[in-house]
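Some notes on the structure that comes next.
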Amino acid sequence: MPQNSTGENGFCFTQTLDFSHPHPPPGEAGRTCSTPLSNGTTSSGVPSPSDSCAEPLCSTTPGEEETQFHEGIKYVSTEGEELACGWRGFTPGCLQLFNTSKGVLFFLCVASFLQGMTVNGFINTVITSIERRFDLRSYQSGLIASSYDIAACVCLTFVSYFGGNGHKPRWLGWGVLVMGLGSLLFALPHFTTGPYEARSVAEVGVCGGNQSLPCAQAASSLSSYRFMFMLGQFLHGMGATPLYTLGVTYLDENVKTNYSPVYIAVFYTAAILGPAAGYLVGGMFLNIYTEIGKNTLWVGAWWIGFLGAGAASLLISIPILGYPHRLPGSQRYIVMRVSEAHQLKDGSHKKASDPDFGKTVKDLPRSVLLLLKNPTFIFLCLAGATEATLIAGMSTFGPKFLESQFSLSASEAATFFGYLVVPAGGGGTFLGGFLVNKFKLRCSGIIKLCLLCTVSSLLAIFIFFIHCPNMPMAGVTQTYEGSALPNGHLNLTAPCNADCGCLQETYNPVCGNDDIMYYSPCHAGCKEVSENLGNGKKVYHECSCIDKTFLPSPGDAEAGKCTSSCAKRPLLLFFMFVVILFTFLSSIPALTATLRCVSDRQRSFALGIQWIVVRTLGGIPGPIAFGSMIDKSCLLWQDQCGEQGSCYVYQNSAMSRYTLIAGLVYKVLGTTFFLVACLLYKPPPPESAPGSSDASEHGNHQEHKPSLPAGEDI
């Protein structure tokens, strides 16, 4: 067996590889041959769909014609490893059409799309409705969002270490299945709480209606359902853990090095489009009342999306479970790969090149130590954590930010945010991988690209200096007479509604034709109600609190918030688009740099450790910190018989100010970490590489290198 002279690269050999034919089994003469490789593994010469345009490493016996594949063919390596797509003994020939890198990419994209749509789309879209339906505060909904990252941190070390050396597709398939169960569990509270009995506007909304509701009847323990939501999110986190560690490395191992960023970019673009679809579809579902078939107040059907996504996840896990340990023909990419791992001064990074390294638990401490001694990897992890804090916080509360700034409904805000995320997040993610491939960037150049993107988004974040003013609301931002109210001083009772007996527990905002919002039709002193046949909204008449002096129709109000005419809206949306674009533009380059700055055998484990750091320092505290920050800018809290519930109205200036401070802090930290990672990176010396990437691509290898096919089909 030829020995590896350099250890970590898997390219330089002390002797020329022997391509002699082993003795073939009966009936397969000339069809299979085995090539010893530097890492102690063997390469099967059996052609496969993935290398149909490339010559095999060993040719067939002279004089024998090559035959086409037929249905039912089995791909088996000389080590006895079955490379056919299927489930145990069931491997029909039609499935082998998908047994390629593109087939894997398709199913992983669907899985990542469903994960993004559920965790980062539906949940963030319906968070306001869940707060209102189950009487939750923002920090409690932040805990629900963070439960996903808590589960990921618990599972990442185990999954990335053992899954990285195990059967990756099986880990991926079972993970997607668990994720689907989490979605179904998340929707379960809707079916176990009983009907949502919000009283109709006709009964309690107008002045003089039956407003009595004993506190014993109004009070509930619905907030305890947050633990079921947290458990559903915990299952989401467990199931998605293999997806962004083992899924990435499985793609990277089965395609050419230069095409790896493109494949990973497509994979992550699907993960970004998922939340965008979640915002749009979730916003559409919020236009349906939560109790389908009934028509009352303003909590939408938040649960429908989770049922659909859960069922789809269960279905997509089946084909993923059928993929082999590695794809047919992928072994040649290991021979072609050029190491860019950070070089440690003591040379300890060469330990990871041992073929038996990482297969047992006793190697786990050494694997962790090797990564901790890699400063480039450490600072890339810290930079990722700062970016993840902003992404997690803004994706959770971004719709709420738009809802408050532009006076939108929850469904309108979710749809608006989806329109921002689709082109900015999805386009930025794909563009980042495309740029790495287009300019053939090496590890140091990739880190510089990340630094440029972070600086650009840092400059754009100053847009949060501006904000849209709050729409005037009687008794909250101003008195009923029109004078300003000090912050924190509410006065919802006025002579015009003193005899109405209005309840503060019933929040149903209306917009008067004086362009002032009122807490409810009762607080506006409205006595009659009708329905606008044009838009289906309820219209209230004879509202005693609305100034009738200069109005064409005396004292009318329409259900819902007043429309904001903020002139700064286009500017604010444009620069929010820029911030999202450049934040996601650096995601794939940063991930690619992480894969390249560590040894090949540590890539899965390195991604696992990176996700632990990112989630512990970013994903988990991000939503909680942003939720607490947004709570501080609250003007009007829900009153549940003396107990504080969720927030109804926020102060826009304070919300923008807190967002600006958080954005500046984390963007400055991210810029610093990328800069330090770039300065400390130490690439391998030129003599340790078998040649440039271009040489590897075109097969121009030097002496003592195995001859490889000139054409590659990805």
Side-chain angles (χ1 to χ4, degrees), residues 115 117-156 175 177-198 216 218-241 278 282 285-286 290-291 299-310 313-314 392-393 395-397 400 410 615-616 619-628 630-631 637-638 640-647:
Q115 181 274 337
M117 183 171 66
T118 305
V119 176
N120 300 319
F122 287 150
I123 288 178
N124 298 334
T125 300
V126 306
I127 203 73
T128 303
S129 296
I130 289 177
E131 285 178 0
R132 294 166 180 167
R133 174 66 178 90
F134 296 93
D135 304 332
L136 303 178
R137 299 181 63 179
S138 289
Y139 85 89
Q140 292 174 325
S141 59
L143 282 173
I144 293 173
S146 295
S147 298
Y148 171 85
D149 296 291
I150 293 172
C153 287
V154 172
C155 301
L156 269 168
L177 188 145
V178 170
M179 189 173 67
L181 295 178
S183 296
L184 298 179
L185 180 63
F186 201 92
L188 188 60
H190 171 75
F191 301 97
T192 58
T193 54
Y196 178 49
E197 296 180 351
S220 68
S221 58
L222 290 176
S223 62
S224 61
Y225 273 95
R226 68 182 183 275
F227 297 110
M228 188 173 292
F229 292 130
M230 291 172 68
L231 179 58
Q233 275 285 74
F234 199 88
L235 292 180
H236 283 151
M238 289 178 59
T241 297
F285 287 147
L286 290 182
T290 186
E291 301 293 335
V299 173
W302 58 270
W303 49 275
I304 299 178
F306 295 99
L307 289 181
S313 296
L314 296 181
S395 62
T396 303
F397 297 104
K400 182 177 286 189
R615 285 183 162 92
T616 303
I620 294 174
I624 298 174
F626 270 75
S628 300
I630 289 178
D631 278 346
W637 288 98
Q638 180 186 19
Q640 298 175 308
C641 297
E643 293 186 5
Q644 195 176 79
S646 60
C647 183

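From a predicted model like this one, the values you see are computed outputs, not experimental measurements.
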Determine the minimum heavy-atom distance between Phe134 and Pro189, stating which atoms define it. CZ-CB, 3.9 Å
Please identify each residue that fulfils side chain to side chain contact (heavy atoms under 4.5 Å, CB included) with Leu177, with sequence neighbours left out. Trp174, Leu181, Leu314, Ser317
Apply side chain to side chain contact (heavy atoms under 4.5 Å, CB included) to Thr125 and list each qualifying residue two or more places apart in sequence or on a separate chain. Tyr279, Leu286, Ala414
So, for Ala187 and Leu307, which heavy atoms are closest and what is the spacing to 0.1 Å? CB-CD2, 3.9 Å
Partner set under disulfide (SG to SG under 2.5 Å) for Cys153, not counting sequence neighbours: none
Rounded to the nearest 0.5 Å, what separates atom CG in Leu136 from atom SG in Cys647? 13.5 Å
Could you measure the distance from the CG atom of Leu185 to the CG atom of Leu231? Nearest 0.5 Å is fine. 5.0 Å
What distance separates Met179 CE from Thr118 OG1, expressed to the nearest 0.5 Å? 6.5 Å
Pairing residues for Glu131 by the side-chain hydrogen bond (donor to acceptor under 3.5 Å, both in side chains) criterion, not counting sequence neighbours: Ser141, Lys400
Mind checking side chain to side chain contact (heavy atoms under 4.5 Å, CB included) for Met230 and listing every partner two or more places apart, or none if nothing turns up? Ile144, Ser147, Phe227
Before you tell me yes or no, could you show the steps for His190 and Trp302 under side-chain contact (heavy atoms from CB on, under 4.5 Å), namely the whole-Å CA-CA distance, both residues' side-chain angles and the distance that decides it to 0.1 Å? CA-CA 9 Å; His190 171 75; Trp302 58 270; 3.7 Å; yes
Step by step, work out the side-chain contact (heavy atoms from CB on, under 4.5 Å) result for Gln233 and Val119. CA-CA 8 Å; Gln233 275 285 74; Val119 176; 4.2 Å; yes
Can you name the closest pair of heavy atoms from Ser313 and Gly180 and give their distance? CB-CA, 3.5 Å
Checking Asn120 now: which residues fulfil side-chain hydrogen bond (donor to acceptor under 3.5 Å, both in side chains) with it, not counting sequence neighbours? none
With sequence neighbours left out, the residues meeting side chain to side chain contact (heavy atoms under 4.5 Å, CB included) with Ala152 are Leu156, Thr241, Arg615
Inter-residue atom distance Ile130.CD1 - Phe122.CZ, 0.5 Å rounding: 12.0 Å
Where is the tightest heavy-atom contact between Ala240 and Tyr148, given as atom of each residue plus distance? CB-OH, 3.3 Å
Considering residues at least two apart in sequence or located in another chain, which fulfil the side-chain hydrogen bond (donor to acceptor under 3.5 Å, both in side chains) criterion with Ser183? His236
Tell me, do Leu188 and Tyr225 make a side-chain contact under 4.5 Å, heavy atoms counted? no
Would you find a donor on one side and an acceptor on the other, under 3.5 Å apart, between the side chain of Ser395 and the backbone of Ala392? yes
Listed by chain and number, what are the ring-ring contact (aromatic ring centres under 6.0 Å, His included) partners of Phe186, not counting sequence neighbours? Phe229, Phe306
